[in-house]
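Sequence lines set the chain letters: A, B, ... in the order given, protein chains first and strands last, and positions in each chain run from 1. What's counted below: heavy atoms across the whole structure, side chains too, no hydrogens, waters or symmetry copies.
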Protein chains: 2
Amino acid sequence: MCERCNYEKLMEGVGIRATKHRLAVLRILGNAPSPMTAQEVFDALKADRSINRVTVYRILESLVEGGVVDKISTGDRSFRYGLAPNDNHPQHAHFYCRLCGLMTCLPPESFRLPFGIPSPGLPGVVEKYEIRLDGVCHRCRPEKS
Amino acid sequence: MCERCNYEKLMEGVGIRATKHRLAVLRILGNAPSPMTAQEVFDALKADRSINRVTVYRILESLVEGGVVDKISTGDRSFRYGLAPNDNHPQHAHFYCRLCGLMTCLPPESFRLPFGIPSPGLPGVVEKYEIRLDGVCHRCRPEKS
DNA sequence: GAAAAAATGCAAATGAGTTGCATAAAAGGC
DNA sequence: GCCTTTTATGCAACTCATTTGCATTTTTTC
Ligand SMILES: [Mn+2]
Ligand SMILES: [Mn+2]
Ligand SMILES: [Zn+2]
Ligand SMILES: [Zn+2]
């Protein structure tokens, strides 16, 4: 999804050592058109590398912890992971199909929150926010006229 | 949360028979200040009634299916349930504390999406949407100056 | 290069939510 | 009311994404 992102620098900038596996995970997420599940990342990695499922979870956890990757919740019981918003990638909303589980990135212009996180008045300190539209994607529509 | 809601009518209006258990669940959700987990609903019910955990899940499922209750996703791996937006209860965003798991309803005025669900251009038909601010609530703040 | 620290692998556990099937309660027909 | 059919609930077992514990590499530090 981005040629301008130097993933090594991105990771080391937040104090995460750039191992082969971690770099591979971040590249996969960076090239993905939509946020992926841990399983999808795992499968993508297995294609040309031997890696353990647990390691994938731990890497994703680190990247999320470092703020490089976003962990996105859905209507099913798994999470999706994608590049976190940064200078090159503005925050954006997602569409989630409750039938096939596909999660789609929406253009950043639409559905942005009209605020710079006005914490005063809120019940806590906001670290991130999520806007998710749920429904049924066109592929899954029963009848398409 | 609401004295104007006739829960029996609400349920039967969407074709859900109002059994004792179902009514109790809906009342608990209606009186709750924040969306609850299935476990919390179960515990609240157990206080003055014998009921099975699975039944709670099935009742919540029915109420969600009927559109009376909203199933809200979070940063942990469980869901919260609350009254679905209706004439008396406008859609609103939520704040989720990643430390204690508390989910708080935010005033409907703030953080509403500027749209009436403009499906054209979207990857599917939108049925609902979620706005969730994630962070750490004041109670969980490590140092409060 | 040896010791310490960090990353990875493997097996087992966790836990919210689900499924299958038995029983109880409610609804319909007479 | 009484019998039949449908729907709701209970109980036990299961699912499956994620986590945990601990052993084994791999990397870093000295
Ligand atoms: Mn995205
Ligand atoms: Mn709410
Ligand atoms: Zn779909
Ligand atoms: Zn908290």
Can you find an N or O donor on one side and an acceptor on the other, under 3.5 Å apart, linking the side chain of B/R53 with the base of D/dG10?
no

So which nucleotide from C/dG20, C/dT8, D/dT19 ends up closest to the side chain of A/R58?
C/dT8

Would you please confirm or rule out a distance under 4.0 Å between OP1 or OP2 of C/dT18 and any side-chain N or O of B/Y57?
no

Is any NZ, NE, NH1 or NH2 atom of the basic residue among B/R80 and B/E40 found under 4.0 Å from an Asp or Glu carboxylate oxygen of the other?
no

Taking only side-chain N and O atoms of A/T19, does any of them lie within less than 4.0 angstrom of OP1 or OP2 on C/dA6?
no

What's the CD-C1' distance between A/E65 and C/dA6, to the nearest Å?
16 Å

Nucleotide D/dA8, atom P - distance to CG of B/L26 in whole Å
15 Å

Whole-Å distance, A/I51 CD1 to C/dA7 C1', equals 11 Å

Measure CG/B/D76 against C1'/D/dT19 and give the value in whole Å, please.
14 Å

What is the distance from CG of A/L60 to P of C/dA7, rounded to the nearest Å?
15 Å

Between CD of B/E61 and P of D/dT7 the distance, given in whole Å, is 16 Å

Under the 3.5 Å rule, do the base of C/dA16 and the side chain of B/R77 count as making a donor-acceptor pair?
no

Looking only at side-chain atoms of B/A38, point me to the closest of C/dT19, C/dG17, C/dG9.
C/dG17

Below the 4.0 Å mark, does D/dT9 have OP1 or OP2 next to a side-chain nitrogen or oxygen of B/H21?
yes

Could you tell me whether B/S62 contacts a base, only the sugar-phosphate backbone, or nothing, with contacts defined as non-hydrogen atoms closer than 4.0 Å?
nothing

Looking at B/Y81, does the NZ or CZ of B/K71 lie under 6.0 angstrom from its six-membered ring centre and within 45 degrees of the ring axis?
no

More than 12 foreign heavy atoms under 6.0 Å from CD of A/E12: is that the case here?
yes

Kindly say whether A/P90 contributes a backbone atom to a donor-acceptor pair with the side chain of A/H92 at under 3.5 angstrom?
yes

Provide, to the nearest angstrom, the distance between the NZ atom belonging to B/K20 and the P atom belonging to D/dT9.
12 Å

Under a 4.0 Å threshold between the charged nitrogen and the carboxylate oxygen, would A/D134 count as salt-bridged to B/K128?
yes

In terms of side-chain heavy atoms, does B/E130 have a donor or acceptor partner in B/S73 at a distance below 3.5 Å?
yes

Separation of D/dT18 atom P from A/E40 atom CD, nearest Å, is 11 Å

Scan A/T74 against the nucleic acid and name what it touches under 4.0 Å (heavy atoms): base, sugar-phosphate only, or nothing.
nothing

Could you please name the option among D/dT19, D/dC11, C/dG17 that lies closest to any side-chain atom of A/K71?
D/dT19

Return no unless some side-chain N or O of B/R22 is found under 4.0 Å from OP1 or OP2 of D/dA8.
yes

Quick check on D/dC11: is either OP1 or OP2 less than 4.0 Å from any side-chain nitrogen or oxygen of B/N52?
yes

On DNA chain C, nearest-nucleotide positions of B/Y81 versus A/R17: which is more 5'?
A/R17

